[in-house]
Amino acid sequence: MKRLAAFAFLLISVALPCSAQQKEKRRPGILALWGPVHTIRLERATFVMENGEPVESERVLVEIITYSEDGTKLEQVRYRPDGSVMLTATELYDLDGRVLESTHFNSQGDVVYKIVSNYDSQKKLIGEIFYDPDGSIRRRRTIVRRGNPQVFESTVYDQDGAVISKSRANWSAPTVTFESFFFNAGQAIKQETVNIPTPNGGQIRETRTEGKPPEREESIRITKDVSERIQYNPDGTIRSRDRFTFEFDSHNNLIKRIWSVAVGDSTDFVPVEVMYWTIEYYQ
């Protein structure tokens with residue numbers, strides 16, 4: 001599982017209950033899972049219109065995630081739409097949930113790359129090393145924290161030590177600012193993202209990338225079970241609205257999400273996709 005893809009689950013995490021309210025231990029990994037989770041089966045279905053009404057299609061298996069009982073090992077299998085295996089991954093954690101290493105395999109079971117995480121004496125992440133299948137270093141990532149409020153800096157190097165990208169996150173509560181530089185052919189492309197919390201429990205996210213129009217979106221928590229994302233055009237008008245409706249189990253883990261879309265500033269939402277998380281727990 002690619003740890004750098006955590007933002008793909010941003011809207012899911014926005015709708016989940018606050019971790020401070022949880023009595024159960026959180027499972028490690030990018031999914032916000034609580035309690036003695038054993039397996040998660042993720043399936044996707046789409047909606048088609050029949051006689052003017054949306055009808056759910058047959059579910060398609062997306063991935064299966066399995067945890068060891070003590071939570072120190074995670075195994076993931078991701079599937080193609082035809083049911084064949086696309087990739088697998090294994091992640092190892094310590095008892096406090098810190099990731100130690102992550103190994104990614106192709107559909108034939110061959111190693112594609114491996115990531116090893118390094119920590120300082122206070123058990124804070126200070127770097128990662130990406131290895132190729134032959135054990136050679138593909139790239140490195142260093143992490144530095146400094147200041148109060150804290151500034152988090154990350155630098156990625158290729159196998160020859162050249163800088164690929166740099167990023168900086170500034171936690172000046174309640175606002176978080178991310179600043180990134182991507183280096184390509186001697187050119188540095190700057191991107192800046194600002195996350196601003198809103199009184200309704202959501203946030204406004206503004207992104208500016210050199211050479212591109214600014215992007216702005218707003219996440220709104222309507223209730224515990226419903227949230228919306230509004231995407232804006234550069235001139236401030238609304239491009240689209242996405243509504244997410246959630247269902248949770250008795251552990252407050254997500255088990256169903258319906259995604260609906262409205263064009264422009266319309267509030268006429270049409271369901272387009274539903275995701276199911278079937279969770280089994282250790283007894």
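Just so you know, residue 1 is the first one in the sequence shown, and it goes up from there. What you see is a predicted model, and the numbers here were worked out from it, not measured in a lab. Values below: all heavy atoms of this structure, side chains included; hydrogens, waters and symmetry mates excluded.
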field: Close side-chain approach of I189 to F181, heavy-atom, < 4.5 Å
entry: no
- prompt: Is a side-chain donor-acceptor pair under 3.5 Å present for T103 with T90?
  reply: no
field: Y232 OH to D265 CG distance, which is reported to the nearest 0.5 Å
entry: 10.5 Å
query: How about K190 and T209: do any of their side-chain heavy atoms sit closer than 4.5 Å?
result: no
field: Heavy-atom check, side chain of S57 versus side chain of T46, under 4.5 Å
entry: yes
field: K256 side chain near V274 side chain, heavy-atom distance below 4.5 Å
entry: yes
- line: For I238 and G264, the nearest pair of non-hydrogen atoms, with its separation, is CG2-O, 3.2 Å
- prompt: Transitive ILVMFWY cluster of Y79 at side-chain heavy atoms under 4.5 Å: who else is in it?
  reply: L61, I64, V77, V85
query: Considering only heavy atoms from C-beta outward, does the side chain of P36 approach that of E24 to under 4.5 Å?
result: yes
- prompt: Between F182 and V156, does a side chain to side chain contact (heavy atoms under 4.5 Å, CB included) hold up when you go through it step by step?
  reply: CA-CA 10 Å; F182 302 92; V156 179; over 6 Å; no
field: Donor + acceptor pair across side chains of E215, T207 (<3.5 Å)
entry: no
message: Holding to side chain to side chain donor-acceptor pair (under 3.5 Å), I want the full list of residues that pass it with S107, two or more places apart in sequence or in another chain.
response: none
query: Is it true that atom CD of Q231 has more than 12 heavy atoms of other residues, nucleotides or ligands lying nearer than 6.0 Å?
result: yes
message: Are V263 and F244 linked, directly or through intermediate hydrophobic residues, by side-chain heavy-atom contacts shorter than 4.5 Å (ILVMFWY only)?
response: no
- request: Look at R140 together with E128 and state whether they make a salt bridge at an N to O cut-off of under 4.0 Å.
  value: no
Contacts of type side chain to side chain contact (heavy atoms under 4.5 Å, CB included), residue T198, not counting sequence neighbours: N200, I204, E218
task: Evaluate the criterion side chain to side chain contact (heavy atoms under 4.5 Å, CB included) for residue pair R139 and Q159; output intermediate values, then yes/no.
output: CA-CA 5 Å; R139 63 181 58 179; Q159 65 270 29; 5.9 Å; no
field: Sole candidate of R146, R141, K166, R145 that passes salt bridge (Lys or Arg N to Asp or Glu O under 4.0 Å) when paired with E153
entry: R146
- prompt: Who are the ring-ring contact (aromatic ring centres under 6.0 Å, His included) partners of Y157, not counting sequence neighbours?
  reply: none
task: Please name all residues satisfying side chain to side chain contact (heavy atoms under 4.5 Å, CB included) with N51, sequence neighbours left out, ordered by chain then number.
output: none
- request: With sequence neighbours excluded, tell me which residues meet side chain to side chain contact (heavy atoms under 4.5 Å, CB included) with T245.
  value: V226, R243, I258
task: Considering non-hydrogen atoms only, spot the tightest contact between P81 and V60 and give its length.
output: O-CG1, 3.8 Å
Linked, directly or transitively: V176 and V144 (ILVMFWY side chains, under 4.5 Å): no
- request: Flag this pair as yes if the NZ/CZ of R59 is under 6.0 angstrom from the six-membered ring centre of Y276 and inside a 45 degree cone about the axis; otherwise no.
  value: yes
field: Distance (rounded to the nearest 0.5 Å) between E63 CD and M86 CE
entry: 8.5 Å
task: Output the rest of the hydrophobic cluster of L95: all Ile, Leu, Val, Met, Phe, Trp and Tyr residues reachable through side-chain heavy-atom contacts under 4.5 Å, sorted by chain and number.
output: none
Close side-chain approach of R26 and L33, heavy atoms under 4.5 Å: no
message: Using a strict threshold of under 4.0 Å (side-chain N to carboxylate O), is an ion pair present between K212 and E210?
response: no
- line: Closest non-hydrogen atoms of S260 and P271, given as atom of the first, atom of the second and distance, are OG-CA, 3.4 Å
task: Step by step, work out the side chain to side chain contact (heavy atoms under 4.5 Å, CB included) result for Y281 and V37.
output: CA-CA 4 Å; Y281 294 88; V37 174; 3.7 Å; yes
message: Hydrophobic clustering (ILVMFWY, side-chain heavy atoms < 4.5 Å, transitive) - are I126 and V99 grouped together?
response: no
- prompt: Rest of the hydrophobic cluster containing F105 (Ile/Leu/Val/Met/Phe/Trp/Tyr, side-chain heavy atoms under 4.5 Å)?
  reply: V111
- request: Verify the distance criterion only: is there a donor paired with an acceptor across the side chains of T66 and E75 at less than 3.5 Å?
  value: no
message: Could you go through N118 and I129, starting from their C-alpha distance and side-chain angles, then the distance that decides it, and tell me whether this counts as side chain to side chain contact (heavy atoms under 4.5 Å, CB included)?
response: CA-CA 8 Å; N118 299 312; I129 302 177; 4.0 Å; yes
- prompt: What pairs meet the salt bridge (Lys or Arg N to Asp or Glu O under 4.0 Å) rule with one or both residues in residues 268-279, with sequence neighbours excluded?
  reply: R44-E273, R257-E273
query: Can D96 and R98 be counted as an ion pair, charged N to O under 4.0 angstrom?
result: yes
- prompt: Can you tell me if S227 uses its side chain to pair, donor with acceptor, with the backbone of R221 under 3.5 Å?
  reply: no
- prompt: Out of curiosity, F183 CZ to I164 CD1, how far, rounded to the nearest 0.5 Å?
  reply: 10.5 Å
task: Tell me yes or no: between the side chains of D70 and T72, is some donor less than 3.5 Å from an acceptor?
output: yes
message: Closer than 4.0 angstrom, basic N to acidic O: yes or no for D132 and R138?
response: yes
Between CZ on residue R208 and CZ on residue R216, distance to nearest 0.5 Å: 10.5 Å
- prompt: Quick check: does any side chain N or O of D160 sit under 3.5 Å from a backbone N or O of A162, one acting as donor and the other as acceptor?
  reply: no
message: Counting C-beta onward and ignoring hydrogens, is there a side-chain heavy-atom pair between E69 and Y67 closer than 4.5 Å?
response: no
- prompt: Is the side chain of N233 donor-acceptor paired with the backbone N or O of D235 at a distance under 3.5 Å, no angle test?
  reply: no
Heavy-atom side-chain contact between K73 and Y93 under 4.5 Å: no
- prompt: Rounded to the nearest 0.5 Å, how far does CD1 of I65 lie from NE2 of H38?
  reply: 12.5 Å
task: First locate atom OG of S154, then atom CZ of F178, and finally report the distance between them rounded to the nearest 0.5 Å.
output: 11.5 Å
query: What residues, two or more places apart in sequence or in another chain, satisfy side chain to side chain contact (heavy atoms under 4.5 Å, CB included) together with V270?
result: none
- prompt: Taking only residues two or more places apart in sequence, or in another chain, which ones meet Y119 in a ring-ring contact (aromatic ring centres under 6.0 Å, His included)?
  reply: none
query: Cation-pi between K224 and F248: NZ/CZ under 6.0 Å from ring centre and within 45° of the ring axis?
result: yes
query: Taking only residues at least two apart or on different chains, which pairs with a member in residues 104-121 satisfy salt bridge (Lys or Arg N to Asp or Glu O under 4.0 Å)?
result: E101-K114
query: Hey, are D242 and W259 close enough side-chain-wise for a donor-acceptor pair under 3.5 Å?
result: yes
message: Using only atom types and a distance under 3.5 Å, with no angle test, would you say the side chain of N170 pairs donor to acceptor with the backbone of V151?
response: no
